[in-house]
Amino acid sequence: VPGSIVVLQQGKPSIHHYVNTTGAIMSGKFVVSLTRAGDDTDRATVAFVVANAAVASDKEVVVFLNVEGTRLSQAGYADTIHEPGFAPLKDLIAGFVEAGGKIFVCSPCFKKRSLDETMLIAGATIVGGAALVEFMGEHCPSLSY
Amino acid sequence: MQASLTGLDEDGHDSDWNAGDLGCGELILMLRKRLRAMPGLTLKLTACDPGAIADIPSYCRMTGHTLLRSIPEEGIFWIRAKY
């Protein structure tokens, strides 16, 4: 890929960096932070629309579900959410995961709401801050909803 | 914390810490303090927060402490503190 840098880690190409039009080095990673669920279905939906655009653009994408957004980690929760003009949220989430997107679920937010680990949707992992910080590393763009 | 300079005990660690249900930033910050106080020694950490399974390996990779082994399903991690 023109303008790309492949970083070798332990002899294996594992991280792709890109030089954008301003000369900045980009990691190829992308984070969408989502703090809403049923309390703001518009934001919840658009967050996954953008996440799908990012994963379709060959980015390594994490949707970080935190605060109220953690409720979306529960199987069945998104089934009734369908914003006018958008695909149903459950389809957006499923498409994101099928395309290789990852979902991080904020551990303290999850516990505060007494959510159920056995009900996690596919692609979701409960994490604390360290896993998110490691994923973002340097030069990782992010959006918050 | 009961860090020992005399060697590992029968379970292969110098000190142990049960962090209970601490998680996320609280867990990492207290872990950092403990590891800094015992360079080169091994801490057996027990953390039942579900996020610890992903967080502890990430924390070790980022900071240079060595995750020697773990039993993720039991929330047990053996970490050798960097010098």
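The chains referred to below are lettered A, B, ... by the order of the sequence lines, with proteins before strands, and numbering in each begins at 1.
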According to a hydrophobic-cluster definition based on side-chain heavy atoms being under 4.5 Å apart (Ile, Leu, Val, Met, Phe, Trp, Tyr only), do [X] and [Y] belong together?
X        : Y        : value
A/Ile121 : A/Leu72  : yes
B/Ile76  : B/Ile79  : no
A/Val55  : A/Met136 : no
B/Met30  : B/Leu43  : yes
A/Val97  : A/Leu89  : yes

Who wins among B/Ala54, B/Ala52, B/Pro57, B/Gly25 for the most heavy-atom pairs under 4.5 Å with chain A? B/Ala54
Could you please show the donor-acceptor pairs under 3.5 angstrom between chain B and chain A, with distances rounded to 0.1 Å?
{"unit_1": "B/Asp21", "atom_1": "O", "unit_2": "A/Lys111", "atom_2": "NZ", "d": "2.6"}
{"unit_1": "B/Asp49", "atom_1": "OD1", "unit_2": "A/Ser107", "atom_2": "OG", "d": "2.8"}
{"unit_1": "B/Asp49", "atom_1": "OD1", "unit_2": "A/Lys111", "atom_2": "NZ", "d": "2.6"}
{"unit_1": "B/Asp49", "atom_1": "OD2", "unit_2": "A/Ser107", "atom_2": "OG", "d": "2.6"}
{"unit_1": "B/Asp55", "atom_1": "OD1", "unit_2": "A/Gly128", "atom_2": "N", "d": "3.0"}
{"unit_1": "B/Asp55", "atom_1": "OD1", "unit_2": "A/Ala130", "atom_2": "N", "d": "3.4"}
{"unit_1": "B/Asp55", "atom_1": "OD1", "unit_2": "A/Ala131", "atom_2": "N", "d": "2.9"}
{"unit_1": "B/Asp55", "atom_1": "OD2", "unit_2": "A/Gly128", "atom_2": "N", "d": "3.4"}
{"unit_1": "B/Asp55", "atom_1": "OD2", "unit_2": "A/Gly129", "atom_2": "N", "d": "3.2"}
{"unit_1": "B/Asp55", "atom_1": "OD2", "unit_2": "A/Ala130", "atom_2": "N", "d": "3.3"}
{"unit_1": "B/Ser58", "atom_1": "OG", "unit_2": "A/Glu134", "atom_2": "OE1", "d": "2.6"}
{"unit_1": "B/Arg61", "atom_1": "NE", "unit_2": "A/Glu134", "atom_2": "OE2", "d": "2.5"}
{"unit_1": "B/Arg61", "atom_1": "NH2", "unit_2": "A/Glu134", "atom_2": "OE1", "d": "2.8"}
{"unit_1": "B/Arg61", "atom_1": "NH2", "unit_2": "A/Glu134", "atom_2": "OE2", "d": "3.4"}

Select one option (side chain, backbone, both, neither) describing which atoms of A/Val133 are under 4.5 Å from chain B's heavy atoms.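 Both backbone and side chain.
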